[in-house]
Amino acid sequence: MKFILTSNLYTMRSQTRIFVLALAIMIGGLIYFNGCQTGAKQAAGGALSADAASAVYVAPGEYDEFYGFMSGGFSGQVSVYGIPSGRLLKVIPVFSQDAEKGYGYNEETKPLLNTSFGFIPWDDAHHPELSQTKGETDGRWLFINGNNTPRIARIDLTTFETAEIIEIPNSGGNHSSPFTTENTEYVVAGTRFGVPYPQKDVEIASYAENFKGMLTYVKVGAEGEMDIAFQVLLPAFDYDLAHSGKGNSHGWTFFTSYNTEQKHNLLEVNASQNDKDFIAAVNWKKAEEYIAQGKFKEMPANYCVNRYSESTHMATSETKKTVKVLIPEECPGLVYFLPTPKSPHGVDVDPTGEYIIGNGKLSADLTVHSFTNMIKAIDNKDFETTIAGVPVLKYESVIGGTVVKPGLGPLHTEFDNNGNAYTTFFISSEVVKWKLGTWEVLDRIPTYYSVGHLMIPGGDSRKPDGKYLIALNKITKDRYLPTGPEMNHSAQLYDISGDKMKLLLDFPTIGEPHYAQGIAASKIVSKSKKIYPIEENKHPYRALGEKETKVVREGNVVHVYMTTIRSHFAPDNIEGIKVGDKVYFHVTNLEQDFDVPHGFAVQGAQNAELLIMPGQTETMYWEPQREGVFPFYCTDFCSALHQEMQGYVRVSGKSSNLPLKWSLGEPES
Amino acid sequence: MNKLAKPVMVLASILLVSLFFLPMWNITLLAPQYPDGVEMHIYINKIGGSSPGTLQNVNILNHYIGMKKIEPDSIPELKYMPSIIVFFIVFGLLTAVLNKKWLFATWFIAFTLVLCIGLYDFYLWEYDYGHSLDANAPMKFDDESFQPPLIGRKVILNFVAISMPHIGGYLVALSLSLSAVAFWLSTKNTKIIAS
């Protein structure tokens, strides 16, 4: 480049005419190039004829066919979209405080965000995963991982609220998570960053010696309650993604890994050297046998299990101190490594459970392992070598097929119900459709731009709904009206019901959706709760009627038992509070009508509003700082008399002897 | 006397047992923001609705215009109506057993009278709710009546109120008709039928 520039300069000096000509060509070229770009863009837009619009049009009052659950990435939340309309239905707060809903601010939900590091009001949420029964999405729960402070959350799909968050110990970056087994026996976790095990103060350069990689199986109970069943201690590779087997391969989970070089610095180079990294295949049914035989080590750990009770409307946090660890050297047959080119990212199991797709992100080809071959190789002991007690199977023995040069930078694959696979290519910014078994490429379509995950409703289950595909992109650039340097990530919806994929819709998303899940709306709609029955409210500070409202002082702690109903608070006048008191407003919403929440806000509160659903009790903590009379009011426009839904709390000096007094004014007559 | 009169009268009496489980009357309120409607179900012994919160929801709506709270505990009819129904069930069964023409007639006339009084009483309650409005109500509409219709539909502010018998009401009508049939059968000469 430098040489060309210099020679151009030389030419310019010596032959001005040629320079002018060259300049003219350059300018002409630029114009032509720009024209092409515009043309290309118009073509992409032009391909969207009226039929695309009608395909995504959901008439007013009509419902979408599918729910789409998208991870919020660094927003820490889950956003719920209607598919195919792309309409945002709700943002579910999960790992991040959400002032809009008071989540993580009110006293009831704070314990959900508790960890062994204390209260952590944020995380990086990557992979939503729907619960399954017999390999099919069942609409009971949605799980999602927190990457930064390793956690898994469970969202209850009758309420669309976070019901539980469990911390994953001995992990550093919970990325390969929370992929489910066929009947939601387990959701898994795997550490993306090798960390010292047990965690200790050591030289970073002692990585290979002191660092380990832990895979975790979280048992899911009948009511959805999560508990760590066991962990598997492996070398400190970076365990990137996972998927469990289905059908014949039910009982196994596959985890991709990179940095099998076990480097600790400049990973972009140092962790990209090995020709092949590994997919770790874990036989969790075998693990259950080893656990039953007592072949585990009970190891010290420190992690929190936080559960929200729908009856008390409160979360509690419990700290656990041990975990069962299985060590492959002592548990033969527990784990095998499948060599896979090259730094594989996603690992996806086809609906039959036979094919395990290793999306080698730096590989020119797409590698597909065969489960049948894997079992044969294990039976024949076709081992290349053994690493830390884990046999490495011979690549040639496990490979089931290769999709030759399908695109650049394969990341993830999902499936339809006709034996086709769809793989995203980050670098070449496209989705490629190919045939399972014949490995031929059938179609390709551009994404805007640089697609990461993709989602087909049920696309990682045994029963995909192969109608729509959503590409979740990492780069937005010029797709929408500019909004300054930061823009929402874009998603594209494609029709995949025909031979050729068709772009239907392009819409912005919240945070950075990594993975997403989709499910037929019919599996959820009828189970969706409208209210919480007030008679089932067991909150310790509930007031189940205005007669139960009161204000109670315990030293400098004041509990206000308050109720809301259209359109007043009871009590709405409170006196006898003092500067420096610790005041808890426990507000019970007495409403029993669908979509009639009330809000509560008081001046000077250093947290957020409460947003209380019908039948629920929520608590706001308030420390009055100054003497005076401060208003509180309803923040959610509840009725024709919403503006009148207000009250006052009088704050007296620290040494005041004013007794507590509260009232709900009778109408003056 | 026709043999069928007895079983028909038994059936007429037994049908009334349903009133202890099924609502007699239904008042539905329709407005755009209530896509499912608000359905208030009136039983002989309680007031319910399409959801457990219906009564509270109706009371909340009513309070804007100063209507009295509907409090089942303060409605004496809900206390003594069950006894009246039990009386008619027992009376009906006795009628069937004793099998006297005049008893059939008495049952039919007495029950018809009770139903008429009941409907009139229901009208009085509706009138009271619709007209005795709190002077301090947040919203006042002069010369407006908020009395729901006894039967049929009526526009009340933003709502359409529809008042119709519920399944129990129709079963009462059936019971009454059956008792009339039983009476008619009781007047027939069995001999004619036998020959």
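Just so you know, these numbers come straight off a predicted model, no measurement behind them. Every chain is numbered from 1 and lettered A, B, ... according to where its sequence line falls, protein lines coming before strand lines.
- Heavy-atom neighbours of E223(A) CD from other residues, nucleotides or ligands within 6.0 Å: at or below the threshold of 12.
- Enclosure of atom CZ in F122(B) by more than 12 non-hydrogen atoms of other residues, nucleotides or ligands within 6.0 angstrom is indicated.
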Test log, rule side-chain contact (heavy atoms from CB on, under 4.5 Å), inputs Q56(B) and I565(A): CA-CA 10 Å; Q56(B) 173 173 301; I565(A) 198 154; 3.6 Å; yes
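- Put simply, the side chain of E591(A) reaches to within 4.5 Å of the side chain of I60(B), judged on heavy atoms.
- Among all heavy-atom pairs drawn from Y64(B) and A640(A), the shortest one is OH-N, 4.3 Å.
- Remark: Y532(A) OH is packed, more than 12 non-hydrogen atoms of other residues, nucleotides or ligands lying under 6.0 Å away.
- Residues R566(A) and N57(B) have side chains in contact (heavy-atom distance under 4.5 Å, counting atoms from C-beta outward).
- Proximity to chain A (any heavy atom under 4.5 Å) is restricted, for P138(B), to the side chain, taken from C-beta onward.
- Surrounding CG of L157(B) are more than 12 heavy atoms belonging to other residues, nucleotides or ligands, all under 6.0 Å away.
- At most 12 heavy atoms of other shown residues, nucleotides or ligands fall within 6.0 angstrom of atom OH in Y127(B).
- The choice from L641(A), L590(A), D595(A) that makes the most heavy-atom pairs within less than 4.5 Å of chain B is L641(A).
- In this structure, Y80(B) places its OH atom where more than 12 heavy-atom neighbours from other residues, nucleotides or ligands lie under 6.0 Å away.
- Crowding of K661(A) atom NZ: a count of heavy atoms from other residues, nucleotides or ligands under 6.0 Å not exceeding 12.
- Surrounding NZ of K69(B) are at most 12 heavy atoms belonging to other residues, nucleotides or ligands under 6.0 Å away.
- Close approach to chain A, defined as a heavy atom under 4.5 Å from one of its heavy atoms, is seen in Y34(B), D36(B) of residues 12-51 of chain B, taken by number.
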